[in-house]
Q: 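Can you keep this structure in mind? I'll have questions shortly.
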Amino acid sequence: MGSTVSDFDKESVVDWLHNLTRLGIKLGLKNITELLARIGNPQDSFRTIHVAGSDGKGSTCAYIYSVLMEAGINVGLYSSPQIVDFNERISVNGNNITDDDFLLLAYEVMVVVESMKEEGYDCTFFESTTALAFLYFQRKGVEYAVIEVGMGGRYDATNVISPEVTVITNISREHTQFLGGTISEIASEKAGIIKSGVPVVTCNTGDALKEIARTASLMDSELVVVEDVSLMDMTQTGSVIEYRGKVYEVGIPGSYQATNAAMAIETLSRISLSKDVMPYLAQGLKNAHWPGRMEKIEGLPLIVDVTHTKSGMVALCEDVLRIYGKVTVVFGILSDKDLVGISECIAKMSSQVYVTEPDSDRAMVVSEVARVMGLRTEDVIVSPSVEDAIEAALKDMKGSAVLVTGSFRMAEGAMRWLKKRSARF
């Protein structure tokens, strides 16, 4: 490359990574396998838990991560996408990768990716980021890493690991252009993370469960289906659940957190460690935090949520109505999502809807969102940006709070607005 790490700063390296998105999404393991081999296969230096799904995979990862931290295990977490800062994707023991470490390791990966390019390998953003995360975990001496699938499973760049347990959270229709148009097809792709003889934990039912069970049987893997979990109470800041005769407090609000926490419990009971983590289960679940999951902002009547699938929005609607009643909704969505299905849920919980475009090249145009939303509720207001929409919604709030939802990028807009607001006061 003719340059050294001192020639770069974080912004330029992040720009380099994002420029790789022009290569699009390439499902397959050829590039990532070669890239990892050239940096010494760091993923072989730690044990892993692999989590796929459409809804709840981030929260499920957060519960597992929190319990392992509580037990004193040196543990890493790789998740995506971030809400605001790239460093959110990679953390060890509750601390995001530092800018200095990010810059150093990203440069190492960059040198290899650029050299591979000359040989006809075009590594993508996610492949490069995954390699960076694995390298960081190796350098930090991580014993266990909780790895969230980016998209799908079978051909996702994370599917080069040999996990001790795999987890498949709720499956819904998403990324249909890559994963297939039916639940069975999508489930088949996500079941691609199941490894021979490795237990798989899931909460799915119907066609999704049939496909997962079929793959588990072929791979001679124990199939654990989470059932009979009860939500006993739910507040703005957490939930109380009962599972297998025991009651737990969990640190993330929402009815579906009962199932996510139960999947974490089953997963943790199947890993082998030098110490028993189960005595730390209750405190770890209680301490778990995952931003953007019906997150109530302290001191403001504002809720931020990243939900972007119809099934997720159905659950969010029920939870919001249960805790807050009708709310003013600030809503935007990406173009590959189920606008009609999600809009139906938004209409049920909203007294007023501000529609806008999240800051993304994939954002659905606001005129189309307004048109579809307007067929389901009368009080629809178009706003030029997420920040403008939040400002207006809080001033003219109809309902008990303002809910920002529809996309990770909507949550990002809300967090940027909060940061600017804090700077003003």
Side-chain angles (χ1 to χ4, degrees), residues 83-84 234-237 253-254 291-310 312-335 337-360 362-425:
I83 294 179
V84 177
M234 180 170 54
T235 68
Q236 294 181 5
T237 57
R293 276 67 180 180
M294 210 161 69
E295 183 178 4
K296 174 65 171 60
I297 304 303
E298 188 175 355
L300 285 172
L302 183 66
I303 312 154
V304 180
D305 191 275
V306 299
T307 297
H308 54 275
T309 67
K310 180 182 177 180
M313 199 61 75
V314 168
L316 178 64
C317 175
E318 293 174 356
D319 293 344
V320 166
L321 288 172
R322 176 175 176 174
I323 297 175
Y324 297 96
K326 292 269 189 173
V327 294
T328 292
V329 178
V330 174
F331 174 53
I333 192 172
L334 301 186
S335 57
K337 303 304 178 184
D338 182 2
L339 175 60
V340 172
I342 290 173
S343 294
E344 290 171 353
C345 301
I346 297 285
K348 290 177 183 177
M349 63 177 158
S350 63
S351 51
Q352 183 182 40
V353 183
Y354 284 79
V355 295
T356 188
E357 290 184 19
D359 184 13
S360 169
R362 295 163 52 212
M364 188 171 292
V365 294
V366 70
S367 58
E368 178 62 10
V369 179
R371 183 190 69 79
V372 173
M373 198 73 245
L375 297 174
R376 289 157 180 80
T377 185
E378 293 181 359
D379 202 347
V380 177
I381 302 160
V382 175
S383 191
S385 71
V386 179
E387 294 180 14
D388 288 336
I390 294 171
E391 290 273 7
L394 286 170
K395 287 177 182 176
D396 189 31
M397 188 172 68
K398 295 180 180 178
S400 64
V402 172
L403 167 68
V404 182
T405 192
S407 167
F408 275 86
R409 302 285 65 83
M410 290 294 294
E412 177 186 24
M415 294 307 176
R416 292 193 186 282
W417 175 83
L418 279 167
K419 186 175 181 180
K420 290 179 182 178
R421 181 182 183 276
S422 296
R424 293 200 305 264
F425 292 95

Q: Kindly indicate whether the side chain of L302, heavy atoms from C-beta on, has any atom under 4.5 Å from the side chain of W417.
A: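 Yes; the side chains approach each other to less than 4.5 Å.
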
Q: Quick one: pull up CE in M410 and CD1 in I390 and give me the separation to the nearest 0.5 Å.
A: 7.0 Å

Q: For the side chain of Q352 and the backbone of T328, is there at least one donor-acceptor N/O pair under 3.5 Å apart?
A: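 Side chain of Q352 to backbone of T328: no pair is present.
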
Q: In Å, rounded to the nearest 0.5 Å, how long is the span from CD of E387 to CD of E391?
A: 8.0 Å

Q: Would you name the heavy atoms of S351 and G399 that are closest together and state the gap between them?
A: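 That closest heavy-atom pairing would be OG-N, 3.7 Å.
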
Q: Which pairs pass side-chain hydrogen bond (donor to acceptor under 3.5 Å, both in side chains) with one or both residues in residues 364-374, sequence neighbours excluded?
A: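 Qualifying pairs, neighbours excluded: E368-R371.
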
Q: Going by the rule salt bridge (Lys or Arg N to Asp or Glu O under 4.0 Å), which residues pair with E412 if we only count those two or more places apart in sequence or in a different chain?
A: R409, R416

Q: Under 4.5 Å between any side-chain heavy atoms of V404 and Y354, yes or no?
A: no

Q: Does some side-chain heavy atom of T309 sit less than 4.5 Å from a side-chain heavy atom of K337?
A: no

Q: Looking at every non-hydrogen atom in both residues, tell me the closest pair between G312 and T307 and how far apart they are.
A: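 Where G312 meets T307 most closely, the heavy atoms are C-CG2, 3.3 Å.
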
Q: Could you report the tightest heavy-atom contact between L334 and P358, atom names first, then the distance?
A: CD2-CG, 4.0 Å

Q: Within a strict 4.5 Å, meaning less than it, do heavy atoms of the V369 and F331 side chains meet?
A: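 Yes, close enough: below the 4.5 Å cut-off.
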
Q: So which atom in A389 and which in V330 form the shortest heavy-atom distance, rounded to 0.1 Å?
A: CB-CG1, 3.6 Å

Q: With a 4.5 Å cut-off on side-chain heavy atoms, are D359 and V386 touching?
A: no

Q: Which pairs, with at least one residue in residues 294-310 and sequence neighbours excluded, count as a salt bridge (Lys or Arg N to Asp or Glu O under 4.0 Å)?
A: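 Non-adjacent pairs meeting salt bridge (Lys or Arg N to Asp or Glu O under 4.0 Å): zero.
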
Q: Where is the tightest heavy-atom contact between C345 and V314, given as atom of each residue plus distance?
A: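 C345 and V314 have their closest heavy atoms at SG-CG2, 3.6 Å.
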
Q: Could you name each residue pair satisfying side-chain hydrogen bond (donor to acceptor under 3.5 Å, both in side chains) that touches residues 397-408, not counting sequence neighbours?
A: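 Those involving residues 397-408 are D379-K398.
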
Q: If you define the side chain from C-beta out and look only at heavy atoms, does anything of M313 sit under 4.5 Å from D338?
A: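 In short, these two side chains do not touch, never coming nearer than 4.5 Å.
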
Q: Pair V84, K419 - check side chain to side chain contact (heavy atoms under 4.5 Å, CB included), show working.
A: CA-CA 11 Å; V84 177; K419 186 175 181 180; over 6 Å; no

Q: State, to 0.1 Å, how close T356 and S383 come at their nearest heavy-atom pair, and which atoms those are.
A: OG1-O, 2.9 Å

Q: Could you grab the distance from atom NZ of K348 to atom CZ of R376, nearest 0.5 Å is fine?
A: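 So the gap between those two atoms works out to 11.0 Å.
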
Q: Rounded to the nearest 0.5 Å, what separates atom CE in M373 from atom CD1 in I346?
A: 6.0 Å

Q: Does a sphere of radius 6.0 Å around CG in D388 hold more than 12 heavy atoms from other residues, nucleotides or ligands, not counting ones at 6.0 Å or beyond?
A: yes

Q: Please collect all salt bridge (Lys or Arg N to Asp or Glu O under 4.0 Å) contacts where either partner lies in residues 312-328, sequence neighbours excluded, each pair once.
A: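 Qualifying pairs: none.
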
Q: Indicate yes or no: at least one non-hydrogen side-chain atom of L418 is less than 4.5 angstrom from one of L300.
A: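 Yes - at least one pair of side-chain heavy atoms lies under 4.5 Å apart.
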
Q: What residues form a ring-ring contact (aromatic ring centres under 6.0 Å, His included) with Y324, not counting sequence neighbours?
A: none

Q: Look up atom CG in L321 and atom CG in L316, then write down how far apart they are to the nearest 0.5 Å.
A: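 CG of L316 is found 9.0 Å from CG of L321.
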
Q: From I323 CD1 over to T235 OG1, what is the distance, rounded to the nearest 0.5 angstrom?
A: 6.5 Å

